Amino acid sequence: MLLGARDFYVQIGSDMSDEIRFGTRAVHAGEQEGDGAKGHWGHALTVPIAQTSTYVFEDMQAVDDFVAGRSARLDYGRYGNPTQHIAEKKLAALEGAEAAILFASGMAAVTTTLLGMLRSGQHAVIMDDCYRKTAQFCNMVLKKFDIGTTFVHAGDYDQLQRAIQENTRIIVSESPTNPHLNVVDLDAIVALAKQNRLKVVIDSTFATPLNQRPLEFGVDLVIHSATKYLGGHNDLMAGVVLGDEPLVSAIKDYRGILGGVLDPHCAYLLIRGLKTFPLRMARQNESAFAMARFLETHPKIKQVYYPGLASHPHHEIACAQMTGFGGVVSFEVDTDLDGTMRFLDGLRLPCIGASFGGVESIVSHPSTISYYELDREDRIAIGIADELVRYSVGVEDAEDLIADLEHALAVI
Ligand SMILES: *Cc1c(COP(=O)(O)O)cnc(C)c1O
């Protein structure tokens, strides 16, 4: 059972037992605190967009009550807005978290969390195949404030243990990672963290709360770039941090200072996207798995990286801690750089671009799109081969996507 289920029942006034399912939460959770029918604001079925920057007071007594903490209400948009609060409640219900806070982007969520949790002289251990900008944030920003970071190879728990220092406070990891879809053993990381009294932060963007719920493993905070599957339509940018109330609330104070809050209109788009998130994700899981199986047997494919395949180095961990393997398939084409370019240009359905997780399939060439600032040798040393392709499977028919792949592979 997910945490927060009881809250949800109380909200919808149900006396059913704790069993409320994921798809139902995606549609209804968080929407019951208004004044109208079944808690809908102004009787509106869909959530209204509270498009305002400020919230006004009846009189000076109301101001006084607010500043003295005698009334709970909003005052200014940077500290939150009602549409955003509904999106946060919905996300918390999906992740099984006590609390959630939304940010203007995934990177705003990552940077605000790390700045909030670490101070000068402290240290964090991070997996080496983390999101490029997260690594740059450590190397360029945290370093300026004398906050150290050690990068360790995802999956090497001895190296992780050795990297822990006296001043280490947190372990940060993604799972699965980008673009090789390495899966870290959450039980192993949490056990190490407990021994050393560290907090664990997992960027679970690639997994989503449908496929993996790190809080159930004892992880302290989960981060998602909601730009990807949660929004799901390649039309918004958002990030979310989820966990227990005290920790999330401490990070919320930093959000108020650093300013990366989600705007009301975007919160509405996110709520709209979340309603169909379980449907989209289930289909993307299924289509990506079918694509991975097709690619694995194709003579022009050298290597496929998909945690659902028995050939993936972390397949067993993935089966133990995930219920689906996601909508991204990475693979190496058995050709050279030119051949890979011809293959990418030969695909007729997916567009070439960064990002993933939306309804439209997107294909990306990590060595030119995400790792262009590294020298070729450095790229290859971290496994970013010239022939590596990352395919984000949308909600098109899998048969069409696979036929398109077959056609593009025939031309190289
Ligand atoms: C995209 C992404 C981010 C950054 O999110 P934005 O919404 O683009 O700022 C962080 N982590 C992972 C794993 C991502 O895929």
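These numbers come from a predicted model, not from an experiment. Order of listing sets the numbers, starting from 1, for every ligand and every atom in it.
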J.: Give the ring-plane orientation class for H315 versus F325, where under 30° counts as parallel, over 60° as perpendicular and anything between as tilted.
T.: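 Because their plane-to-plane angle lies in the 30° to 60° range, the rings of H315 and F325 count as tilted.
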J.: Does the plane of the ring in F356 sit parallel, tilted or perpendicular to the ring in Y229? Use 30° and 60° as the thresholds.
T.: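 Aromatic pair F356/Y229 classed perpendicular.
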J.: Check ligand 1 for close polar pairs with the protein: N or O on both sides, less than 3.5 Å.
T.:
| from | atom 1 | to | atom 2 | distance (Å) |
| --- | --- | --- | --- | --- |
| ligand 1 | 5 (O) | S225 | OG | 3.0 |
| ligand 1 | 7 (O) | G106 | N | 2.8 |
| ligand 1 | 7 (O) | S225 | OG | 2.8 |
| ligand 1 | 7 (O) | T227 | OG1 | 2.6 |
| ligand 1 | 9 (O) | G106 | N | 3.0 |
| ligand 1 | 9 (O) | M107 | N | 2.8 |
| ligand 1 | 11 (N) | D203 | OD2 | 2.6 |
| ligand 1 | 15 (O) | K228 | NZ | 2.8 |

J.: For a side chain to side chain contact (heavy atoms under 4.5 Å, CB included) with T113, tell me which candidate from V172, L118, L221, I101 qualifies.
T.: L221
J.: Give me the one residue out of K300, R342, R379, K302 that meets salt bridge (charged side-chain N to carboxylate O under 4.0 Å, His left out) with E387.
T.: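 Answer to the salt bridge (charged side-chain N to carboxylate O under 4.0 Å, His left out) test with E387 among K300, R342, R379, K302: K302.
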J.: For Y55, check ring-ring contact (aromatic ring centres under 6.0 Å, His included) against everything at least two apart and list the hits.
T.: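 Applying ring-ring contact (aromatic ring centres under 6.0 Å, His included) to Y55 gives none.
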J.: Check the orientation of F66 and F57. Use parallel for under 30°, tilted for 30 to 60°, and perpendicular for over 60°.
T.: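 Ring orientation, 0 to 90° scale: tilted.
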